[in-house]
Undergrad: 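The structure follows.
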Amino acid sequence: MTAKRVAKAAAKKAAAPVAKSYNPFVVAQEQFDRIADLLDLDQATRDLLRNPLREYHFSIPIRMDHGGIQVFRGFRVQHNDARGPCKGGVRFHPMETADTVRALSMWMTWKCSVVDIPLGGSKGGIICDPHNLSNYEIEQLCRGWVRQIARDVGPYSDVPAPDIMTNPQDMLWMLDEFEKIHGGKYPGFITGKPINIGGSKGRTEATGYMVVHTVREALRELNLKPENTTASIQGFGNVAQYAIELYHKIGGMVSCVSSWDPKDNKEFCCRKISGVIFDEIKSITDPFGTIDRVKAQQMGYEILPGDAWLEQDVDILIPAALENQITADNVSRINPRVKLIAEGANGPTTPEADVMLEERGIFLIPDILCNAGGVTCSYFEQVQGNMNYFWDEKEVFDKLEAKMTAAFQAVRETAKRRRLRNRDAAYVLAVDRVARACKDRGWV
Ligand code: NAD
């Protein structure tokens, strides 16, 4: 190609419209910049907090079952540890990117801070698809990830946990490798372990139960009794199931739940106006939260399109599946009766939808507060592990409720005092605590 044609092609490429792809780290930094303005943070603090403190990117060579070697990419990103050791999950995902891990590490910093637990934020991952790996290969990956990062994580510096497509067994392999390398027993190194080997009672239920704990606090403010309310829920996985269980226990009634259908590759809802029967739906759901649609229909449930959960004539919506679900395009379809949205999932509402929900006067419990019961219980597991002394279930739940109530009240107090919507109040509270810790340590 001639120089002229090269220049022409380059100009054409530059002029072509570029599709704006979703980059969670860009979103996380934009969110931070807005809160930094509200808090009037100085430039050094902004520079420190809008990027991770440390990042590790590494290769993990694994001998595969067929005998050959495959090299995987792994990450650990430590966003901030001014308030205590970093805490964050390890994700196994084929589409994992450094920017996703960076964003999630920053969100972990804010989540730990808003519930006022003495931890910072981190996240890790490996680019891989566990569906295509044998158990032995997954074990090698878990051990390989720890071998690359073992000197930069630990019970007093950075504590991993399960996340997307990792589970308690994986955590145990990781712990075992860490203990081999360091020559000792360190049960506080990692959380989300099986309950018989260092896991905490209550961890499985913690997120869903605490979502409902925050709902109960919000209903009190709205002068509503749980037994006079109804709810519609997106998802039927870990968070949704325990949320429904507790919400039913306190007298509420769920009329609609939803699930992903991997056969059809689309979501659907199951509705029973008189109320879904939890045990009945649970009995036809697999361990990944997939409801058997045909059996649900046979049981008398109406099968509705996937986004119908949003339009139900209920008081409360609980998105508990995915990010990016309540958007500027569908807010108008939310029933006028809805008074409360509790974000069980991470990032289910877009910033544009946030503004519209506020205009409609809907009370929103933001994700970093609403689903923080999970990380709080993980913190309890770390504490118990470090002491090598484990609490009974009642002690765990009493402590969890105390933490969540205090966090809810602090967010509401900030919202009222500064005239902010709940999400901004939660972020202001969280970012301010971290900024102060950095200042008090003399970092900025
Ligand atoms: P899960 O994998 O156990 O369940 C997910 C559920 O969502 C399943 O029922 C699945 O069928 C359903 N689903 C998936 N795609 C869907 C779609 N397009 N429409 C409707 N339903 C769909 O996951 P989980 O652990 O319950 O997590 C749910 C959300 O909560 C995620 O955003 C997660 O990041 C967040 N979260 C989880 C925890 C925790 O402790 N599990 C803690 C904090 C935040």
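One-based numbering, in listed order, for ligands and for the atoms of each. Being a predicted model, the structure only gives us computed values, none of them experimental.
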Undergrad: If you measure from the Lys or Arg side-chain nitrogens to the Asp or Glu carboxylate oxygens, is any gap between E302 and K272 under 4.0 Å?
TA: no
Undergrad: Ignoring angles and geometry beyond distance, decide whether Q325 reaches within less than 3.5 Å of ligand 1 through its nitrogen or oxygen atoms.
TA: no
Undergrad: Compute the shortest N/O to N/O distance between N238 and ligand 1 and return yes if it is under 3.5 Å, no if not.
TA: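 Looking only at distances, the answer is yes, because the N/O contact criterion of under 3.5 Å is met.
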Undergrad: Please list, in number order, the atoms of ligand 1 under 4.0 Å from a heavy atom of S258.
TA: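 The list of qualifying atoms is 20 (C), 21 (N).
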Undergrad: Atom 28 (C) of ligand 1: which protein heavy atom is closest, and how many Å away?
TA: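 Going atom by atom, the protein heavy atom closest to atom 28 (C) of ligand 1 ends up being A320 O, 3.5 Å.
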Undergrad: Based purely on interatomic distance, does N371 place a nitrogen or oxygen under 3.5 Å from a nitrogen or oxygen of ligand 1?
TA: no
Undergrad: Looking at atom 32 (O) of ligand 1, tell me if a protein heavy atom falls under 4.0 Å from it.
TA: yes
Undergrad: Parallel, tilted or perpendicular for H57 and F75, by the 30°/60° rule?
TA: perpendicular
Undergrad: Taking 4.0 angstrom as the limit and counting only heavy atoms of A345, give me the atoms of ligand 1 inside it, by number and element.
TA: 29 (C), 30 (O), 32 (O), 35 (C)
Undergrad: What protein heavy atom is closest to atom 34 (O) of ligand 1, reported as residue, atom name and distance in Å?
TA: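 Among all protein heavy atoms, the one nearest atom 34 (O) of ligand 1 is N346 ND2, 3.0 Å.
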Undergrad: Taking only Lys NZ, Arg NE, NH1 and NH2, and the carboxylate oxygens of Asp or Glu, determine whether D158 and K87 approach each other closer than 4.0 Å.
TA: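 Answer for the salt bridge query: no.
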Undergrad: Using 4.0 Å as the upper bound for N to carboxylate O, is an ion pair formed by D313 and R337?
TA: yes
Undergrad: Looking at A321, which atoms of ligand 1 are within less than 4.0 Å of one of its heavy atoms?
TA: 7 (O), 13 (N), 21 (N), 22 (C), 28 (C), 29 (C), 31 (C), 32 (O)
Undergrad: Quick test: of every protein heavy atom, which one is nearest to atom 9 (O) of ligand 1, and how far off is it to 0.1 Å?
TA: G289 O, 2.7 Å
Undergrad: Tell me whether R102 is salt-bridged to D99, with the criterion being a basic N under 4.0 Å from an acidic carboxylate O.
TA: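 Salt bridge present between R102 and D99.
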Undergrad: Taking 4.0 angstrom as the limit, do E177 and R147 come out as a salt bridge?
TA: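 Here E177 pairs with R147 in a salt bridge, since their nearest N and O are under 4.0 Å apart.
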Undergrad: For atom CZ of R360, is the number of surrounding heavy atoms from other residues, nucleotides or ligands below 6.0 Å larger than 12?
TA: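 Yes, the 6.0 Å shell around CZ holds more than 12 heavy atoms from other groups.
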Undergrad: Give the atoms of ligand 1, by number and element, whose distance to some non-hydrogen atom of E267 is under 4.0 Å.
TA: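 In order of numbering, the contacting atoms are 17 (C), 18 (N), 19 (N), 20 (C).
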Undergrad: Using a 4.0 Å cutoff against the non-hydrogen atoms of S259, which atoms of ligand 1 qualify?
TA: 11 (O), 21 (N)
Undergrad: Does any N or O atom in R203 lie less than 3.5 angstrom from one in ligand 1, N or O only?
TA: yes
Undergrad: Any idea which protein heavy atom is nearest atom 39 (C) of ligand 1, and the distance to it?
TA: T207 OG1, 3.4 Å
Undergrad: Looking only at protein heavy atoms, identify the closest one to atom 18 (N) of ligand 1 and say how far it is in Å.
TA: L322 CD1, 3.2 Å
Undergrad: Give a yes or no on whether a salt bridge exists between R423 and D354, defined as a side-chain N under 4.0 angstrom from a carboxylate O.
TA: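 A salt bridge is present here (some side-chain N lies under 4.0 Å from a carboxylate O).
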Undergrad: Between the candidates F288, F236, Y242, W260, which shows the shortest non-hydrogen contact distance to atom 14 (C) of ligand 1?
TA: W260
Undergrad: Which protein heavy atom lies closest to atom 26 (O) of ligand 1, and at what distance to 0.1 Å?
TA: V239 N, 2.9 Å
Undergrad: Tell me whether D152 is salt-bridged to R76, with the criterion being a basic N under 4.0 Å from an acidic carboxylate O.
TA: no
Undergrad: Ligand 1 versus Q234, non-hydrogen atoms closer than 4.0 Å: side chain, backbone, both, neither?
TA: side chain
Undergrad: Which part of A206 is near ligand 1, with near meaning a heavy atom under 4.0 Å away: side chain, backbone, both or neither?
TA: neither
Undergrad: Under the criterion ring pair (Phe, Tyr, Trp, His ring centres under 6.0 Å), which of W145, W173, Y186 is the partner of F178?
TA: Y186
Undergrad: Could you check which of G306, A161, G237, G374 puts a non-hydrogen atom nearest to atom 5 (C) of ligand 1?
TA: G237
Undergrad: Are the charged groups of R34 and E30 less than 4.0 angstrom apart, N to O?
TA: no
Undergrad: Using a strict threshold of under 4.0 Å (side-chain N to carboxylate O), is an ion pair present between D116 and R83?
TA: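 Looking at R83 and D116, the cut-off is met.
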